[in-house]
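This report concerns only the one structure given below.
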Amino acid sequence: MVPAAFAVGEMVGASGREVLTAIVAGYEVCSGSATRSTRLALRARLPPTATRHYGAAAAAGKLFGLSAEQIVSAFGVSGSQAAGSLQFLVNGAWNKRYQVGAAG
């Protein structure tokens with residue numbers, strides 16, 4: 001998430017403090033999601049380290065000033081990009097179409 005925070009920080013003209021805060025937020029998301037996913041990882045066969053994309057989305061979202069709803073959407077897109085998702089089976093989300101388009 002550090003490269004994402006640096007890139008977005010430069011893009012939006014963030015201060016060093018703002019970039020560092022976003023990096024900490026990203027690590028907080030990663031460590032929390034990794035901890036929560038550990039027991040689920042055994043069932044889903046996903047490594048707990050596969051959460052870094054959420055940290056990058058959190059760091060970038062903080063620097064962009066996204067709303068909570070927008071950050072949740074960013075988590076969905078980043079998760080879909082990183083590992084694919086079957087969310088479309090639950091609620092008809094458009095992420096499956098995105099995965100196919102991104103692969104091409």
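The basis for the numbers below is simple: all heavy atoms, side chains too, and nothing from hydrogens, waters or symmetry mates. In what follows, residues are counted from 1 in the order of the sequence shown.
- With sequence neighbours left out, Val72 forms a side-chain contact (heavy atoms from CB on, under 4.5 Å) with no residue at all.
- Ala56 and Ala4 make their closest contact through CB-CB, 4.0 Å (heavy atoms, listed as atom of the first residue, atom of the second, distance).
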Show every donor-acceptor pair shorter than 3.5 Å between a side-chain atom in residues 59-69 and any protein atom, with sequence neighbours excluded, or say none if there are none.
from: Ser67; atom 1: OG; to: Gln70; atom 2: N; distance (Å): 3.1
from: Ser67; atom 1: OG; to: Gln70; atom 2: OE1; distance (Å): 3.3

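- Using a 4.5 Å heavy-atom threshold, the side chains of Tyr54 and Ser78 count as touching.
- For the pair Ala5 and Val19, the tightest heavy-atom approach, listed with the atom from each and the gap, is O-CG1, 4.1 Å.
- Tyr27 OH to Arg52 CZ: the interatomic distance, rounded to the nearest 0.5 Å, is 7.0 Å.
- Considering only residues two or more places apart in sequence or on other chains, Glu18 meets the side chain to side chain donor-acceptor pair (under 3.5 Å) condition with Ser15.
- By the rule that hydrophobic residues join a cluster once side-chain heavy atoms approach within less than 4.5 Å of another member, Leu20 and Val2 end up as members of separate clusters.
- At a threshold of 4.5 Å between side-chain heavy atoms, the hydrophobic network of Ile, Leu, Val, Met, Phe, Trp and Tyr places Phe75 and Val8 in one connected group.
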